[in-house]
Each structure stands twice: as structure tokens, then as C-alpha cells.
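Each remark here refers to the structure printed beneath this line.
Below, all heavy atoms of this structure are taken into account, side chains as well, without hydrogens, waters or symmetry copies. All chains are named by letter (A, B, ...) in the order of the sequence lines, taking the proteins before the strands, and each is independently numbered beginning at 1.
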There are 2 protein chains.
Amino acid sequence: MMQDDYPALTLEIMDLVGDKWTLLLVYTLGDGPLRFSELRRRAMPISQKMLAQTLRGLERHGMVDRTVLPTAPPQVEYALTDLGQTFLSAARVICQWTKDNLAELQEARSRFDAQRLAA
Amino acid sequence: MMQDDYPALTLEIMDLVGDKWTLLLVYTLGDGPLRFSELRRRAMPISQKMLAQTLRGLERHGMVDRTVLPTAPPQVEYALTDLGQTFLSAARVICQWTKDNLAELQEARSRFDAQRLAA
DNA sequence: TCCCATGGTTTCCAAAAAGTAACCTTCACC
DNA sequence: GGTGAAGGTTACTTTTTGGAAACCATGGGA
């Protein structure tokens with residue numbers, strides 16, 4: 001594995017998940033396919049606009065499938081693709097790291113902020 | 001491992017690395033400690049302002065150590081802390097995933113964009 | 001006929017992020 | 001006393017992002 005490739009890949013990662021909602025939606029869809037409105041309820045307080053926009057991005061990258069159900073009124077179901085599933089597995093590693101180190105992160109922040117305030 | 005905790009953790013992750021330069025700097029510092037100007041050269045085209053700002057953020061979260069060397073003029077060395085190192089290890093998993101799936105991501109994008117253009 | 005739900009899009013606005021360029025401080029050296 | 005390097009900070013501007021609210025298309029049911 002060539003370490004040299006990583007810096008360039010970070011740009012791709014930021015394009016993929018470097019916004020406010022993408023990661024949250026991927027995790028939410030990790031529980032199974034959801035319709036637009038149910039997804040919105042679970043990912044609150046996301047706005048309708050940002051939900052639509054973020055889902056387009058995920059669809060565009062092949063991480064999410066969009067299926068229109070033949071109901072009336074038509075319902076739309078969103079589901080992780082296989083690619084989306086493997087991404088979720090990888091993302092869980094970062095999430096687990098964050099969980100394991102949450103206390104240390106918060107302490108570091110407090111220490112740093114306190115020292116800034118003193119100066 | 002409770003899946004339910006993940007959505008909340010995504011917020012913390014975005015606070016940590018949800019900007020344009022943090023991830024790139026962490027990877028660049030993965031090669032070893034670097035001084036401000038050398039770090040800037042390697043992470044180009046980052047501006048002086050964003051480099052300083054992003055390093056403050058990393059220092060604040062305890063991911064990076066800042067050491068002023070007793071030289072004239074004083075030089076400043078930045079290095080990943082132990083916490084930063086473990087974070088890098090976790091982040092590499094996402095990077096490897098991106099590398100492994102780069103072609104598929106790009107194809108998905110092309111397909112999606114072509115279809116939008118046709119409409 | 002009008003209303004409602006679903007799943008959006010559009011418009012307009014405010015806030016946040018990032019880029020550019022100028023400026024600053026300290027010390028060594030000439 | 002002027003210059004230059006290192007490592008920043010500040011002020012100003014532009015770009016990007018996100019939120020609120022209004023609007024829209026479809027079709028079923030009262």
C-alpha cells in the first residue's frame with residue numbers, strides 16, 4: 001500500500017462525505033431502505049431541500065439506489081447499494097475510533113480553550 | 001457495538017475533519033514531524049492562513065503537538081500525537097476503501113451526469 | 001370539486017468557509 | 001540601520017453552504 005497516494009485520495013473523500021449530512025444519511029440508511037419522509041424524520045433536523053440534495057449526491061456516486069414505488073401517490077424508497085454497504089463498513093471504523101476517544105477529544109478541547117481564554 | 005450511537009458520532013467526526021484541509025494535513029504529518037513552511041510546501045496549494053487555522057484545530061483536538069525550537073529565528077515543529085497516530089490508522093481504512101473503489105465511483109458519476117445531461 | 005399526501009424544486013437570504021494580500025515580530029547578519 | 005527568514009495575524013472579499021418558505025405535479029377520495 002503506497003502511502004504517497006493518500007493525500008490525493010483525501011480530496012476524493014472530501015468530495016464524497018465532506019458536507020453536513022452525507023455521513024448521517026448513510027448511517028441512517030444502514031438500518032435498511034427508507035422512504036423520503038421517514039428518512040427525514042430519522043435524520044432530523046435536516047431540511048427537505050438538504051435531504052433531496054444530499055440524496056442526489058449519494059445516488060450520483062452509486063452509493064444509494066432510488067426506487068419509485070407504483071403506489072398512489074408514488075412513494076420513493078432509498079436504499080444503500082452494495083457499494084454503499086461496503087462504504088458504511090469502512091466508515092464504521094472511524095466512528096468506532098471517535099467513540100473510543102470521545103472523552104480524550106473533549107478533554108483536549110477543554111484544556112486548549114481554557115488556556116486561550118487565560119491569555 | 002451499538003449501531004444507534006453512530007448518527008450522533010457523525011457530528012463529532014464532521015467537527016473533526018469536516019473541512020477542506022484537515023485530512024490532508026493529518027496524512028502529510030503521517031510521514032513524520034514537519035515545520036510550518038515544509039508542511040505548507042507539501043500540502044500545497046494551502047494558504048498560510050488556512051494552514052495556521054487548520055493546525056490550531058488539530059492542536060485543539062489533541063491530534064497534533066506544536067513545538068517551538070530554540071533556534072534563531074525560532075522554528076516550529078508540528079507532529080502527530082499518539083491520538084493523532086491512532087486516528088490516522090483509522091482514517092487509512094476509508095482511504096483504502098476509496099482507492100479500491102475509485103473506478104466504480106467515477107463510473108457512477110459519469111453515468112449519472114450523462115443521464116442528467118440527456119434530460 | 002376541492003383537498004390532501006408524497007416527494008420534490010425554486011427563490012431568496014444569511015452565515016460560514018476560504019482565498020488574497022498586506023502587515024507584524026523577533027533575531028541574526030551584514 | 002537595513003535586510004531577510006520564520007511563522008504567523010488581520011482585514012477585506014468572494015465563494016460556498018445551508019435554512020425557510022413558497023410553490024408545484026400527481027392522483028385518490030370525500
Side-chain angles (χ1 to χ4, degrees), chain A residues 7 10-25 28-29 33-61 64-79 112 115-117 119, chain B residues 7 10-26 28-29 33-61 64-79 112-113 115-117 119:
Chain A
T10 61
L11 301 174
E12 188 78 20
I13 296 175
M14 288 317 298
D15 187 37
L16 231 58
V17 297
D19 58 24
K20 199 168 169 183
W21 299 107
T22 295
L23 209 49
L24 177 59
L25 291 190
T28 306
L29 285 175
L34 290 173
R35 290 189 297 111
F36 189 86
S37 44
E38 177 60 18
L39 188 48
R40 188 174 175 205
R41 258 187 296 279
R42 299 212 196 179
M44 271 304 195
I46 194 175
S47 69
Q48 205 169 19
K49 169 185 157 184
M50 290 314 295
L51 178 55
Q53 184 174 308
T54 308
L55 284 171
R56 284 313 147 261
L58 283 167
E59 208 191 335
R60 177 170 185 257
H61 284 99
V64 156
D65 256 346
R66 178 179 183 274
T67 309
V68 179
L69 304 176
T71 55
Q75 300 181 332
V76 181
E77 196 173 77
Y78 292 92
F112 187 90
Q115 197 164 345
R116 290 280 128 166
L117 209 62
Chain B
T10 62
L11 301 174
E12 188 77 19
I13 295 175
M14 288 317 299
D15 188 36
L16 233 56
V17 295
D19 58 26
K20 198 168 171 183
W21 299 106
T22 296
L23 209 48
L24 177 59
L25 291 190
V26 169
T28 305
L29 286 175
L34 289 173
R35 289 188 298 111
F36 189 85
S37 44
E38 176 60 18
L39 188 49
R40 188 172 176 206
R41 259 186 296 279
R42 300 211 195 181
M44 271 304 194
I46 194 174
S47 69
Q48 207 169 20
K49 170 186 155 184
M50 289 315 294
L51 178 55
Q53 185 174 308
T54 308
L55 283 170
R56 284 315 146 261
L58 284 167
E59 207 191 336
R60 177 170 184 257
H61 285 97
V64 157
D65 256 348
R66 179 179 183 274
T67 311
V68 179
L69 304 176
T71 57
Q75 301 182 330
V76 181
E77 196 171 77
Y78 291 94
F112 188 89
D113 293 350
Q115 197 164 346
R116 290 279 128 167
L117 210 61

Just to be sure I understand the geometry, which residues of residues 16-25 of chain A put a non-hydrogen atom under 4.0 Å away from DNA chain C? none

Distance check needed: [N] [atom2] versus [X] [atom1], whole Å only.
X     : N      : atom1 : atom2 : result
A:L55 : C:dG8  : CG    : P     : 8 Å
A:L11 : C:dA18 : CG    : P     : 13 Å
A:Q75 : C:dG8  : CD    : P     : 11 Å
A:Q53 : C:dT9  : CD    : P     : 10 Å
B:L69 : C:dC27 : CG    : P     : 16 Å
A:E38 : C:dG7  : CD    : C1'   : 15 Å

Min and max contacting nt of DNA chain D in 5' to 3' order, chain A heavy atoms within under 4.0 angstrom, are D:dG18 to D:dG28

Specify the residue among A:A52 and A:P73 whose closest nucleotide of DNA chain C lies further upstream toward the 5′ end. A:P73

Angle by which the axis turns from one end of the helix from C:dT1-D:dA30 to C:dC30-D:dG1 to the other, five pairs per end, to 10 degrees: 30°

Can you tell me if the side-chain N/O atoms of A:R56 get under 4.0 Å from OP1 or OP2 in C:dG8? yes

Does a side-chain N or O of A:S37 approach OP1 or OP2 of C:dG7 to a distance below 4.0 Å, or not? yes

Reported [atom1]-to-[atom2] distance for the pair [X] and [Y], which is rounded to 0.5 angstrom:
X      : Y     : atom1 : atom2 : result
A:M44  : A:T28 : CE    : OG1   : 12.5 Å
B:L29  : B:L39 : CG    : CG    : 5.0 Å
B:M50  : B:L55 : CE    : CG    : 10.5 Å
B:Q48  : B:F36 : CD    : CZ    : 5.0 Å
A:E77  : A:E38 : CD    : CD    : 11.5 Å
A:Q115 : B:R60 : CD    : CZ    : 13.0 Å

Are B:L25 and B:L51 close enough that some pair of their side-chain heavy atoms sits under 4.5 Å apart? yes

Is there side-chain contact between A:I46 and A:L24, with at least one heavy-atom pair below 4.5 Å? no

If the condition is salt bridge (charged side-chain N to carboxylate O under 4.0 Å, His left out), which residues does A:R56 pass it with, not counting sequence neighbours? A:E59

Pull out every residue in residues 41-50 of chain A that has a heavy atom closer than 4.0 Å to any atom of DNA chain D, ordered by number, or say none. A:K49, A:M50

What heavy-atom pair brings A:Y78 and A:R66 nearest, and what distance separates the two atoms? OH-NE, 3.3 Å

Categorize A:R40 for me: base, sugar-phosphate, or nothing, with a 4.0 angstrom heavy-atom threshold over every strand shown. nothing

Matching residue for A:Q75 among A:V68, A:L69, A:T67 - test: side-chain contact (heavy atoms from CB on, under 4.5 Å): A:L69

Report, one line per pair, each donor and acceptor closer than 3.5 Å where one atom sits in a side chain of residues 13-21 of chain B; sequence neighbours left out.
| from | atom 1 | to | atom 2 | distance (Å) |
| --- | --- | --- | --- | --- |
| B:D15 | OD2 | A:R109 | NH1 | 3.2 |
| B:D19 | OD1 | B:W21 | N | 3.4 |
| B:D19 | OD1 | B:T22 | N | 3.0 |
| B:D19 | OD1 | B:T22 | OG1 | 2.7 |
| B:D19 | OD2 | B:T22 | OG1 | 2.8 |

